[in-house]
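To keep things clear, I will list the structure first and then write my remarks on it.
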Protein chains: 2
Amino acid sequence: MLQATEQILLDEGYAAVSTRRVAAVAGTDKALVHYYFGTMDDLFIAVFRRNAEHGAERLREALASPQPLWSVWEAMHDQSSTALMTEFIALANHRKAVKAVMVDNSRKFRRMQLDGLATVLESYGLDPKEWPPAAIIVLLSGISRYLRTDEAFGVGLGHDETVELVERHIAALEGPRARTKRSK
Amino acid sequence: MLQATEQILLDEGYAAVSTRRVAAVAGTDKALVHYYFGTMDDLFIAVFRRNAEHGAERLREALASPQPLWSVWEAMHDQSSTALMTEFIALANHRKAVKAVMVDNSRKFRRMQLDGLATVLESYGLDPKEWPPAAIIVLLSGISRYLRTDEAFGVGLGHDETVELVERHIAALEGPRARTKRSK
DNA sequence: GTCTATAGCTGGATAGAC
DNA sequence: GTCTATCCAGCTATAGAC
């Protein structure tokens, strides 16, 4: 049922998520959605938490890898989680309970990124005065999300140039990406 | 009625936009919404177009100003239009007609930014090989939108550092901002 | 745990009086 | 142009049979 909800969020947007639709996609009954999750808020929160935990897990792995900067950049650059996040951001606009959970989670996530990357960046000889790690993280996050949103719309102008620029700078700090996923 | 719709989008999210709500906020009747705009798709498109025209107008002005880079950055950095855009992006996920209009508009807008800033950036001595104008625009747009989204959530970690970093680089190219809106 | 039934509401859209 | 009335669909949520 969590899976079904996620699917509907991605395919049709949050407004299409209803007990009926979820039940239909999950192949069960709409009354059971209430039985297991209570209200719709609770259902959304459950889906969000599951996703947030997955994201935190990926972040932990990325930070522990031999090329943390590359790994974090690639972990951010995930289409489906970005699209899901977009839906949740819009959803939070009129669901207070969901928003509260999201704000709390965002703060923790950002803190985790910062604690993990600050020492790494400093060890690369980056002057924290000129290039604050917190700013680097915000930059990478913002760029990544923007690119994915654009892509979802089929707008790609400036896309390649931006990725090339960012990755050139990452490579300058951390060396070329070891296990190349994208051949450039 | 366009104004009312915009207000609801900002305050309560797109799912709250209904003929009843729009009529209530606009102080009119729900049947009139259909009379003037036809379907809900048409209403959303009308609101979007009105906003897009306003955005294009601001961009034109910014590009014509003595400090185009600063002006474009500030024009991007507008809270209400960013929040509205976020709603429209989510909305477009399940309204084909709205999406089509938005994609078309996004392409034109990006093209306008690119045509306007490419020569400016080159005149500042920026090597287009190392810093492609298209990438600069995507960077600034992404960062700006991300910051605003964060702010709406009350997450501000790394915010100040990022703005400082970006504006330091803009100042290096175009000189200090002439008419300071933000005292630093 | 699972399904049926139903209450009670809000939604888009149209027809027709004025 | 404006308002009332109305149709029908979909929604959340709960009660109760099995």
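Worth saying up front: this structure is predicted, and the values here are computed from it rather than measured. Letters go in sequence order (proteins before strands), and every chain restarts at 1.
Proximity of B:Ser18 to the phosphate of C:dT10: no side-chain N or O atom is located under 4.0 Å from OP1 or OP2.
Expressed to the nearest 0.5 Å, how far OG of B:Ser18 lies from CD of B:Glu12 amounts to 9.0 Å.
Heavy atoms of A:Phe37 sit nowhere under 4.0 angstrom from any nucleic acid atom. Counting any heavy atom pair closer than 4.0 Å across all strands shown, A:Val17 reaches sugar-phosphate atoms only and no base atom.
Look at CE on B:Met40: it is 7 Å from P on C:dA13, rounded to the nearest Å. A straight line from CZ of B:Arg21 to C1' of D:dC11 spans 18 Å, rounded to a whole angstrom. The interatomic distance linking A:Met1 (CE) with C:dT2 (C1') rounds to 12 Å, in whole Å. Atom-to-atom, CG of B:Asp41 to P of C:dA13 comes out at 8 Å; the value is rounded to the nearest Å. A:Leu32 places its CG atom 8 Å from the C1' atom of C:dC3, with the value rounded to the nearest Å. Rounded to whole Å, the distance from OH on A:Tyr35 to C1' on D:dA17 is 15 Å. Note: CZ (B:Arg95) to C1' (C:dG11) measures 11 Å, nearest angstrom.
Salt-bridge annotation for A:Arg49 and A:Glu53: absent, with no side-chain N of the basic residue lying under 4.0 Å from a carboxylate O of the acidic one.
Distances were taken from every side-chain heavy atom of B:His34 (C-beta onward) to each of C:dT14, D:dT12, C:dC3; the shortest belongs to C:dT14.
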Every protein N/O within reach of nucleotides 4-6 of chain D N/O, cut-off under 3.5 Å:
residue: D:dT6; atom: O4; partner: B:Lys30; partner atom: NZ; Å: 3.2

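Checked by atom type and distance alone, the side chain of B:Arg107 pairs as donor or acceptor with a backbone atom of A:Gly154 at under 3.5 Å.
A side-chain donor-acceptor contact under 3.5 Å links B:Arg50 and B:Gln3.
Listed by chain and number, the residues in a salt bridge (charged side-chain N to carboxylate O under 4.0 Å, His left out) with A:Asp11 amount to none (sequence neighbours excluded). Considering only residues two or more places apart in sequence or on other chains, A:Asp78 meets the salt bridge (charged side-chain N to carboxylate O under 4.0 Å, His left out) condition with A:Arg58.
In this structure, B:His169 has its ring center under 6.0 Å from that of A:Trp131.
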